[in-house]
Amino acid sequence: KQEVTQIPAALSVPEGENLVLNCSFTDSAIYNLQWFRQDPGKGLTSLLLIQSSQREQTSGRLNASLDKSSGRSTLYIAASQPGDSATYLCAVSGNQGGKLIFGQGTELSVKP
Amino acid sequence: GAVVSQHPSRVICKSGTSVKIECRSLDFQATTMFWYRQFPKQSLMLMATSNEGSKATYEQGVEKDKFLINHASLTLSTLTVTSAHPEDSSFYICSASHGTRNTGELFFGEGSRLTVL
């Protein structure tokens with residue numbers, strides 16, 4: 001059974017810092033991995049999607065890497081801003097169009 | 001493209017009543033939709049997978065008679081919480097798989113917060 005773990009559960013950093021969020025999964029037979037952002041009381045915003053054959057994806061200040069063999073992914077946020085404060089969730093899918101299994105999330109707070 | 005809309009965004013109901021939540025894919029056909037539940041400060045837990053025109057597949061521990069799911073068209077899935085009780089109060093989120101893209105990316109609705117008094 002696939003299990004997804006995110007570390008740390010919460011993180012507080014001053015504005016401007018670069019930071020890394022970690023995600024690990026127990027079954028390396030994944031189809032893809034997605035990183036999401038969730039603001040309090042809101043739905044999910046997709047940030048990055050990495051296919052199992054890919055090593056990383058970049059969007060603006062965000063970079064996500066994937067090491068499928070070791071069951072790990074990282075989300076790197078450069079030059080953090082207060083507007084980045086949110087909960088970040090990673091999720092893996094076992095097949096195309098299949099259900100996502102979510103980690104518990106990392107609650108990020110960026111202090112001005 | 002790939003927008004998923006949920007309605008209502010918030011609903012308050014009395015214990016014992018039934019509540020229907022709609023999930024629509026606005027600009028694409030969704031062959032498969034998923035319903036998740038999220039408790040405060042917790043992650044998303046998959047409740048069921050629905051495929052257009054067939055019965056939903058429920059995750060272990062989810063009562064199918066309690067949470068009725070209908071996926072009658074390629075753009076609409078509904079979740080009905082029957083005889084709701086306070087413990088059903090939660091944030092419900094749907095997601096949809098794009099029928100013609102092969103990336104496997106899922107698109108999420110804005111969520112529906114249910115409060116049962």
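Being a predicted model, the structure only gives us computed values, none of them experimental. Numbered from 1 within each chain, the chains take letters A, B, ... in sequence-line order.
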When rounded to the nearest 0.5 Å, the distance separating OG of B/S43 from CD of A/Q38 is 8.0 Å
Counting heavy atoms not belonging to B/R10, are there more than 12 under 6.0 Å from its CZ? no
Distance from A/Q34 atom CD to B/F108 atom CZ, nearest 0.5 Å? 7.0 Å
Proximal component of A/Q104, with respect to chain B [non-hydrogen, under 4.5 Å]: both
ILVMFWY cluster, B/M33 and B/V19 together (side-chain gap under 4.5 Å): no
Select one option (side chain, backbone, both, neither) describing which atoms of B/Q6 are under 4.5 Å from chain A's heavy atoms. neither
Working to the nearest 0.5 angstrom, can you tell me the gap between A/F36 CZ and B/S95 OG? 7.5 Å
Do the non-hydrogen side-chain atoms of A/K42 and B/F91 ever get within less than 4.5 Å of each other? no
From OG1 (A/T87) to CD (B/Q42), nearest 0.5 Å: 12.5 Å
Contacts satisfying salt bridge (Lys or Arg N to Asp or Glu O under 4.0 Å) that involve residues 11-36 of chain A (not counting sequence neighbours) are none
With a 4.5 Å cut-off on side-chain heavy atoms, are A/L100 and B/L44 touching? no
Atom group of A/L44 that falls short of 4.5 Å from chain B, counting heavy atoms: both
Under 4.5 Å from a heavy atom of chain B, the part of A/E107 involved: side chain
Do you know which of A/G43, A/G105, A/S46, A/A91 has the most heavy-atom pairs with chain B at a distance under 4.5 angstrom? A/G43
